[in-house]
Number of protein chains: 2
Amino acid sequence: MVTMKDVADHAGVSIATVSFVVNDTKPVTPATRERIETSMAELGYRRNAVARALASRRTRILALAYPVLERPLSTASVEFFTSAAAAASARGYHLVIWPVSNDGRELAELVGQRLVDGVLLMEVQLDDPRVEVLERSATPFALIGRTRDVTGICHVDIDFEATLHHAIDHLTDLGHRHLALVLGGKGERGYRTYGPFVRTAAAFEQAQIERDIHGRTVEVTWSDDPESLARQVFGEEGTDGPTAALVLNDHTALRLVTGARRTGRRVPGDVSILGLSAAPETGSLSDPPLTLMRAPGPELGHLGAEALIRMLEAEDPLPPRLVPCTFEAGGTTAPPPR
Amino acid sequence: MVTMKDVADHAGVSIATVSFVVNDTKPVTPATRERIETSMAELGYRRNAVARALASRRTRILALAYPVLERPLSTASVEFFTSAAAAASARGYHLVIWPVSNDGRELAELVGQRLVDGVLLMEVQLDDPRVEVLERSATPFALIGRTRDVTGICHVDIDFEATLHHAIDHLTDLGHRHLALVLGGKGERGYRTYGPFVRTAAAFEQAQIERDIHGRTVEVTWSDDPESLARQVFGEEGTDGPTAALVLNDHTALRLVTGARRTGRRVPGDVSILGLSAAPETGSLSDPPLTLMRAPGPELGHLGAEALIRMLEAEDPLPPRLVPCTFEAGGTTAPPPR
DNA sequence: CTGAAAGCGCTTACAG
DNA sequence: CTGAAAGCGCTTACAG
């Protein structure tokens, strides 16, 4: 391995001077700079990240901590991985991914190693022990999601309220008045305190008070089959039920489309189905293609990483950001029958 | 931050001795060991990963390098992230994820920083410039996938031949003789040299020679709509075409199910459709659920990381492994009509 | 503008 | 079994 010492000897200067040109941290005469740069090119020098980290007390590594779940991560979650990695990369940072338990034990252990400068936290619960761990250890962090109280905490999240209202607007514009909100994942650990569910459900309650709609919230499990899903959401065949469903989970939405058809309902002739916070690829998987609110996964991953890096670099902080999902027209929504 | 020096002072020993008990690398009297352990607990000492890495010349960090593609990563690819991270974690290693260009430039740059001890390479092309980069820099690496020639190269991959034969067995047992192999992603950069496609196509050609089947290979693009897909695969309505399709891509398989139905073919009454190398969640998304060969994503991620770590730890090497996909019954395959 | 030197927090021969 | 010391490859006051 060629070190800074090698370059210094080759160029006839001190390693300090080499360091100054490598990092562009102090003025250096054009002549010496050129000599050093030539030497570096000739020897194929690359600055050692580990030594740099130890000396500068900054590793320029970020961690993305995600909980190990029984179910696979959602597509949107996966978008965080790649978008956060890309954002970090663009700033000269690395991203490690940390599978950690929800109680914060493993996170405390990992943070203690001082391998990373900051942590990005995914799948945040309303009261998240991992947040306390990070605060106690004085590790800079940013949330992709929100705890119950986020005063003073750096975070980015989906704007669930705006998203829901946009979705409801679409359906009421079509003439729907009786809506169902479908939440997937009932019975799962952390389900009741999972931000997206809690916030969407609350906004739905609120909307029923403020707007001319009649609603029903339906909680379903991952294992409910399509027909059972459809019956829970729209009622038994032939009965009067909601004419449209807002579904907070891609897979559940797709299975509901299937279930509706199998229980004799045309989509969107008889019932409309709209996916809330879904990945864009999801749309084309159903027949007809699912109308959905597209989750801003890539944006959130990018914003989260960027916000964290700004803290670390002591740059202007990025204010907390709530990003709404964007409407993507499909073929599963239409005016209600009659 | 409490350092080894602090612990040594507190316990009245040298930092060398503290190091010996922390790493369990040399015998230490039970008495001193106990004193040191008490001090560590009292002071809340944690070994600094960066200093350790610099001194021991091993960072215990692995990189997972994946190409930045226009399309989102497949579900199976994503399983590599989490399974490799879990496997690394179980061995006390960290996993960084590196989005890198296919030409190997960025990889060379990153590897030069000496932040990682080894690299796991995903989405391997038959002739992959990134492999040369790793060889030239003498960085230990393992492939998830295969180059054209893998002699002496540590790798794990799907056994495409076995997978295809298993799938064909299933269809011929049902009575099918006329099969279509559908490859998604035509026209994409690297499509023609993408191992999974090349190997599956070759095995399909071979199977037509060796077995009593008649085949057709159909290459389709991501943007083909369902009806067009169905026509390309099964021919125009009413014509004699393949009675079953083997589809190498989840999304394409699902859209083909939709397309078949829309063009007046019952699935599986008129045509059978089978997904090759698909994620398990994919099955329930179509109606009826897709019959598929389940890709061993988690196994491959785990094996790849483990193989790499064994190289680094100079343990018994893990031999190259080809893992077949496993059959998962669904409702899209049945005997051909008549 | 440039250099000598201390120091980042560990590991690891080498002595004893 | 334990310790003193060199060294990993950098950064960064401090002098000049």
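Proteins come first, then strands; the chains are lettered A, B, ... in the order of their sequence lines, and each starts at number 1.
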Heavy-atom nearest nucleotide on DNA chain D for R57(B) versus V13(B): which residue maps closer to 5'? V13(B)
First encountered from the 5' end of DNA chain D, between Y45(A) and T17(B):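 Final value for this comparison: T17(B).
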Check ion pair E313(A)-R58(A) (N to O, under 4.0 angstrom): yes
salt_bridge(E306(B), R321(B)) N-O dist < 4.0 Å: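 No, E306(B) and R321(B) are not salt-bridged.
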Strictly below 4.0 Å, heavy-atom distances to any atom of DNA chain C: list the hits from residues 19-34 of chain B, or just say none. S19(B), F20(B), N23(B), K26(B)
Closest non-hydrogen atom pair, A53(A) against V50(B): CB-CG1, 3.9 Å
R310(A), CZ: over 12 other non-hydrogen atoms inside 6.0 angstrom: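 For R310(A), atom CZ is crowded (more than 12 foreign heavy atoms under 6.0 Å).
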For residues [X] and [Y], determine if any side-chain heavy atom of one lies less than 4.5 Å from a side-chain heavy atom of the other.
X	Y	result
M311(A)	F141(A)	no
Y45(A)	D6(A)	no
P67(B)	R130(B)	yes
L120(B)	F80(B)	no
H94(A)	L110(B)	yes

Among D117(A), L115(A), L95(A), find the residue that satisfies the side-chain contact (heavy atoms from CB on, under 4.5 Å) test when tested with I61(A).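 Testing each of D117(A), L115(A), L95(A) against I61(A), the sole residue satisfying side-chain contact (heavy atoms from CB on, under 4.5 Å) is L115(A).
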Within the 4.0 Å heavy-atom criterion, would you say V50(A) contacts the bases, only the backbone, or no part of the nucleic acid? nothing
What nucleic acid atoms does R46(A) come within less than 4.0 Å of, heavy atoms only: base, sugar-phosphate, or nothing?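 Counting heavy atoms under 4.0 Å across all strands, the contact made by R46(A) is with sugar-phosphate only.
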Tell me, please, the opening and closing nucleotides of DNA chain D, 5' to 3', among those with an atom under 4.0 angstrom from a non-hydrogen atom of chain A.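 Using the under 4.0 Å cut-off, the span is dG9(D) to dC14(D).
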Write out the stems for DNA chain C, ordered by first number and formatted as range with range, counting runs of at least 3 consecutive Watson-Crick or G-U wobble pairs under 3.5 Å.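 Listed by first number, the stems are C:1-3 with D:14-16, C:5-12 with D:5-12, C:14-16 with D:1-3.
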